[in-house]
Every structure is written in C-alpha cells, then in structure tokens.
**Student:** 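A single structure is presented below for examination.
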Amino acid sequence: MKHAPFYLFLLIAFLLSACQPEKASPMDETPFALEVPAGFPYPDIPEDNALTAARVALGKRLFYDPILSQDSSISCAGCHRQALAFADDVPVSPGVKGRLGFRNAPTLANVAYLERLNKDGGVAKLGLQPVVPIEDHNEMDLLLQEAVRRLNAHPGYPDDFLRAYGKEATPFTLTRALASFMRTLISGNSRYDRYINEDETSMNELEKTGMALFFGEKAECGNCHHGFNFTDNSFRNNGLYATYQDPGRQRITLDAEDIGKFRVPTLRNIALTAPYMHDGSLPTLEAVIEHYDSGGSAHPNKDTLIHPLHLSEAEKRSLIAFLGALTDSTFITNPAFEKE
Ligand code: HEC
Ligand code: HEC
C-alpha cells in the first residue's frame, strides 16, 4: 500500500491527459481544387506555399481589405477591380491620399503563369510581389511589419492565419496568402476559347478574319502575344515612343539595350482593360491598332516585328472584333472572386 500515492498520481496524470486530447494542429490543409481550362497547363505552385482552401480564402479577405494601406483607405481591389478583369479604367490609379504612380494597373488574370512580375520584370515571384504595392509610397504606403502588427491585433485574422499556415501573420504568410488567392484568378473561357475547343459557332466571321490576321504574317501580333496566355513572356520595345520617360526593363537590368522594353502583356479580357500600354497613354483599342499600323516611333531598341502594316479599315475592324472575343464574361462575374 505504501506505493498508493504514486499510483494515485499516475491515475490523476492519466485522467488529466485523457481530458486534454493530443493538441491537434490548428492548420487546415484541405487542398484547393484549382480548375484549369482546356489548353492551359497547371501553374507551378511553390512547395512552401501549397494551395489550400484556407490560404485562398485568407488571401481573398486580405485582397479586399483596406487594412493593408497606411490610412485604411484602399485595398488591392481599389486598383484591381473584378468587373475590369482585375485591372483599372484610368491611365494611372491613385493610391493613398490620391498619390499617383507612373504605370497603368494591369489585369491580374492568369498571373499564376507569369515568369516575372511587373511590366519591367522587377519581381521574380508572385509570392513576393505584394510587398511592392503594400510598401510603395504611391500605392498603399504601409511597412510590411506594420501590416503584420495590425493583422495580429485584429479580432478575426489571427484565427484565419492559424488555419491557413499554422502560425500568426508574418511577412511570409501575409504575402503568400495574397499570392494563393491570385493564383486562382484563371481566365480561359472566352468565346475564342470555346471556338478553339470546337464550338465553331462561338465566333462570327469578322472575328475569325481578325484572328487569321492576328496570327498571320501581315499583322504578326501572335509572334509576341503568343500561346494560351497571349504572351511569350519576353521584354520588347513596341515603338510607343522615340524617347521613353519610363525606361521599362532597363530600370532593372541597367542595360541601355533594354530601354523602352516591357513584358509582352496578355491580351485576355483586353476589351475590358482600357486604357492601354505601360502608362495607359492609348485610350482605346482603335488607338492601339493605329499605333501598330503606323509602325510606331523610331527607337534604337524597337523590335523588328514593329513596322508599318498597311491595314485596310476593314482589317482594323476585324482585329478589334477578334480582341473582343477574348473577353471571358464568366471570369468577371465569378462569385468565387467577389468580396464576401
Ligand atoms: C494604387 C493602385 C494599386 C494598388 C492599391 C495595388 N496595385 Fe497591384 N499594380 C498596380 C500597378 C500600377 C501595377 C504595375 C506595376 C509595374 O508594372 O511596375 C500593379 C501590378 C501588380 C501585379 C503584377 C502583375 C503583372 O502583370 O506583372 C500584381 C500581382 C499586383 N499588382 C497585385 C496587387 C496586390 C496583391 C495588391 C494589394 C496588396 C495590389 N496589387 C495593390 C496598381 C495597384
Ligand atoms: C514585338 C512584339 C509585339 C508585337 C508584334 C505586337 N505587340 Fe502588342 N504589345 C507588345 C508589348 C511589349 C506591349 C506592352 C507595351 C507597353 O506596355 O508600353 C504590347 C501591348 C499591347 C496592347 C496593350 C495591352 C495592355 O494591357 O495595355 C495591345 C492591345 C496589343 N499590344 C495588341 C497588339 C496587336 C493587336 C498586335 C498586332 C497588330 C500587337 N500587339 C503586336 C509587344 C508586341
């Protein structure tokens, strides 16, 4: 009997541990089922940020939350609007306190596929890109550390971060959650897609004529705007200016041969994302076609594919009609991308 207290201690310890089930990981690893349209590859997803439903949901909440801007006035969606294929409708979008940057806000459709981010390719990974708008003086103007502090002091976000990453908000988890949401913004259900996937009726004759011109040898658009996302991901000078205020790719490489080169942009949903070019200087698709038809301005770095095209008025109309067939109306109305 002299050992009774020891057994009693074991019994109590056992009962206590039984009441405290093994601490379950707070992380919810349910994968996110990413649907990829016919003809699209599955995007590369970094191993340290597997796509889960909790991460996508958290990223979406953050994307729409002005908490990430200095004065809580603007969210990512302020410049990247779903109805406009996650682009904006002004040449340069105002950030906090109405400050203006120097580039036109691009669509976020299919950013999961971009090899380098931003028009000059200055950012190598989608997971790092959100640092730029959050900290940029002319965009959200908030230090990442301060963003993280706000999120960890918030009544709702700490639980969301635990579910998504098993830990609190950090610069890593904040930026990776935003990237997870953006990876789901895939657009590949335009009338053009339905046409190439064997629904002959989904494009009209004018659009088909425009398509043949676009990919043919007369207009040569498809030599740069190439493949399922209408970009070969290269940096080119398309002859917009004789002198560039924004040197484009040269800002990153410091190589004079890169002055005026910008990443060839996707043309998906292009009818929704006016105005056009890196600075939003061309207001309409008509102006874009006039630019290419003229052969552009003389610049030492101008691509050899840019030269006068001698298009007829009917050919210009058909090209514009074809670009209109690249609008994906299901993308801009998809409730999965809307603010909750
Ligand atoms: C004030 C307007 C503004 C806000 C707010 C804004 N962006 Fe942007 N975004 C831009 C502009 C302008 C660019 C083009 C930058 C460049 O090319 O140098 C851009 C580029 C991007 C790109 C690169 C796309 C590409 O084609 O390379 C991504 C991704 C992106 N933004 C995501 C975000 C996220 C996420 C947020 C919120 C954290 C955000 N943006 C907030 C204006 C904005
Ligand atoms: C030499 C490669 C090249 C060729 C050929 C080319 N483009 Fe482009 N395109 C570009 C580049 C680079 C840009 C971005 C320039 C900038 O941002 O200033 C661009 C921009 C555009 C834009 C504006 C996109 C946006 O989001 O602002 C449209 C529309 C466009 N091109 C359509 C066409 C059409 C139509 C043709 C054929 C007539 C064509 N392109 C031929 C390289 C090319």
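One is the number of the first residue; the rest follow in order along the sequence. Note that ligands are numbered from 1 as they come in the structure, with each ligand's atoms numbered from 1 the same way. Because the structure is a prediction, the values reported are computed rather than measured.
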**Student:** Roughly how far, to the nearest 0.5 Å, is CE of Met203 from OG of Ser190?
**Tutor:**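 The OG atom of Ser190 sits 8.5 Å away from the CE atom of Met203.
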**Student:** Identify which of Cys224, Gly260, Ala87 has a heavy atom lying nearest to atom 4 (C) of ligand 2.
**Tutor:**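 Residue with the shortest heavy-atom distance to the ligand atom: Cys224.
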**Student:** Applying a 4.0 Å heavy-atom criterion (strictly less than), which segment of Gln129 is in contact with ligand 1: side chain, backbone, both, or neither?
**Tutor:**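 Within the 4.0 Å criterion, Gln129 contacts ligand 1 through side-chain atoms alone.
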**Student:** Quick one: does ligand 2 sit under 4.0 Å from the side chain of Ile289, the backbone, both or neither, non-hydrogen atoms only?
**Tutor:**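 It is the side chain that gets close, since no backbone atom is under 4.0 Å.
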**Student:** Which atoms of ligand 2 are found less than 4.0 Å from any heavy atom of Asp303?
**Tutor:**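 Once the distances to Asp303 are compared, the set is 1 (C).
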**Student:** May I ask you to identify, for Pro265, whether its side chain, its backbone, both or neither come under 4.0 Å of ligand 1 on a heavy-atom basis?
**Tutor:**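 The answer is neither; Pro265 stays 4.0 Å or more away.
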**Student:** Could you tell me, atom by atom, which parts of ligand 1 come under 4.0 Å of a heavy atom of Gly95?
**Tutor:**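 Atoms satisfying the 4.0 Å criterion: 1 (C).
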**Student:** Quick one: look at Leu267 and ligand 2, take heavy-atom pairs under 4.0 Å, and tell me if it's side chain, backbone, both or neither.
**Tutor:**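 The side chain, only.
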**Student:** Determine, for Phe86 and Arg81, whether the Lys NZ or Arg CZ falls below 6.0 Å from the six-membered ring centre while staying within 45 degrees of the axis.
**Tutor:**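 Because its charged atom misses either the 6.0 Å distance or the 45° angle limit, Arg81 does not stack over Phe86.
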**Student:** Spell out, yes or no, whether Leu178 and Val123 are grouped together once hydrophobic residues are joined by side-chain heavy atoms under 4.5 Å, including indirect joins.
**Tutor:**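 Same hydrophobic cluster.
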**Student:** Please classify the Val123 to ligand 1 contact at 4.0 Å (heavy-atom distances, strictly less than): side chain, backbone, both or neither.
**Tutor:**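 Answer for Val123: neither.
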**Student:** Measure from atom 37 (C) of ligand 1 to every heavy atom in Gly59, Cys76, Gly280 and give the option owning the shortest one.
**Tutor:**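 The nearest heavy atom belongs to Cys76.
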**Student:** For ligand 2, is there an atom lying under 4.0 Å from some heavy atom of Val288?
**Tutor:**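 Yes.
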**Student:** Below 4.0 Å, non-hydrogen atoms only: which portion of Arg263 touches ligand 1? Side chain, backbone, both or neither.
**Tutor:**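 The answer is the side chain.
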**Student:** Does NZ or CZ of Arg249 come closer than 6.0 Å to the centre of the six-membered ring of Phe235, within 45° of the ring's axis?
**Tutor:**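 Checked: cation-pi criterion met.
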**Student:** Give a yes/no verdict on whether any heavy atom in Ala179 is under 4.0 Å from an atom of ligand 1.
**Tutor:**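 No.
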**Student:** Considering only heavy atoms of Glu220, which atoms of ligand 2 have at least one such atom less than 4.0 Å away?
**Tutor:**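 The atoms of ligand 2 under 4.0 Å from a heavy atom of Glu220 are 5 (C).
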**Student:** Do the side chain of Glu139 and the main chain of Asp136 share a donor and acceptor less than 3.5 angstrom apart?
**Tutor:**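 Side chain of Glu139 to backbone of Asp136, a donor-acceptor pair under 3.5 Å: no, none is there.
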**Student:** May I ask you to check whether His80 brings an N, O or S atom to under 2.8 Å from atom 8 (Fe) of ligand 1?
**Tutor:**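 A backbone or side-chain N, O or S atom of His80 is under 2.8 Å from atom 8 (Fe) of ligand 1.
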**Student:** Rounding to 10°, state the angle centred on atom 8 (Fe) of ligand 2 that links NE2 in His225 with OH in Tyr292.
**Tutor:**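 Between NE2 of His225 and OH of Tyr292, the angle at atom 8 (Fe) of ligand 2 is about 170°.
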**Student:** Any idea which protein heavy atom is nearest atom 27 (O) of ligand 1, and the distance to it?
**Tutor:**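 Result for atom 27 (O) of ligand 1: Asn118 N, 2.6 Å.
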**Student:** Identify, by atom number and element, the atoms of ligand 1 in contact range of Met140, meaning under 4.0 Å from any of its heavy atoms.
**Tutor:**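 Ligand 1 atoms under the 4.0 Å threshold to Met140: 5 (C), 37 (C), 38 (C).
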**Student:** Could you establish whether Ser75 and ligand 1 come within less than 4.0 Å of each other, counting only heavy atoms on the residue side?
**Tutor:**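 Distance cut 4.0 Å: Ser75 passes for ligand 1.
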**Student:** Should the proximity of Asp120 to ligand 1, defined as any heavy atom under 4.0 Å, be assigned to the side chain, the backbone, both, or neither?
**Tutor:**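 Under 4.0 Å from ligand 1, Asp120 contributes no heavy atoms.
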**Student:** In this structure, which one of Asn118, Asp279, Asp120 forms a side-chain hydrogen bond (donor to acceptor under 3.5 Å, both in side chains) with Arg103?
**Tutor:**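 The side-chain hydrogen bond (donor to acceptor under 3.5 Å, both in side chains) with Arg103 is passed solely by Asp120 among Asn118, Asp279, Asp120.
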**Student:** Classify the contact between Pro133 and ligand 1 as side chain, backbone, both or neither, using a heavy-atom distance cut-off of under 4.0 Å.
**Tutor:**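 Pro133 to ligand 1: side-chain contact only, backbone stays beyond 4.0 Å.
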**Student:** Check each of Asp279, Thr231, Ile270 against atom 24 (C) of ligand 2 and report the one with the nearest heavy atom.
**Tutor:**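 Result: the heavy atom closest to atom 24 (C) of ligand 2 is in Ile270.
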**Student:** Flag the pair His299 / Tyr244 as yes when their ring centroid distance falls below 6.0 Å, and as no otherwise.
**Tutor:**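 Yes: the rings meet the under 6.0 Å criterion.
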**Student:** Only heavy atoms count here, so choose which of Ala105, Ala177, Gly78 is nearest to atom 11 (C) of ligand 1.
**Tutor:**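 Going through Ala105, Ala177, Gly78 one by one, Ala105 has the nearest heavy atom to atom 11 (C) of ligand 1.
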**Student:** Heavy atoms only, cut-off 4.0 Å: how does Leu114 contact ligand 1, side chain, backbone, both, or neither?
**Tutor:**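 For Leu114, only side-chain atoms sit under 4.0 Å from ligand 1.
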**Student:** If the cut-off is 4.0 Å to any non-hydrogen atom of Leu117, which atoms of ligand 1 fall inside it?
**Tutor:**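 Taking each heavy atom of Leu117 in turn, ligand 1 has 23 (C), 27 (O) under 4.0 Å.
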**Student:** Does only the side chain of Asp293 get under 4.0 Å from ligand 2, or the backbone, or both, or neither? Count heavy atoms.
**Tutor:**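 Looking at Asp293 and ligand 2, no heavy atom falls under 4.0 Å.
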**Student:** If you count the atoms of ligand 1 from 1 in the order shown, which ones are under 4.0 Å from a heavy atom of Cys79?
**Tutor:**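 Taking each heavy atom of Cys79 in turn, ligand 1 has 1 (C), 2 (C), 3 (C), 4 (C), 5 (C), 42 (C), 43 (C) under 4.0 Å.
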**Student:** Test your reading of the model: is there a side-chain donor-acceptor pair from Thr173 to the backbone of Glu168, 3.5 Å cut-off?
**Tutor:**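 Answer holds: yes.
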**Student:** Which bit of Ser69 is near ligand 1, meaning a heavy atom under 4.0 Å away: side chain, backbone, both or neither?
**Tutor:**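 Neither part.
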**Student:** To which of Ala109, Gly122, Pro106 does the heavy atom nearest atom 19 (C) of ligand 1 belong?
**Tutor:**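 Among Ala109, Gly122, Pro106, the closest heavy atom to atom 19 (C) of ligand 1 belongs to Pro106.
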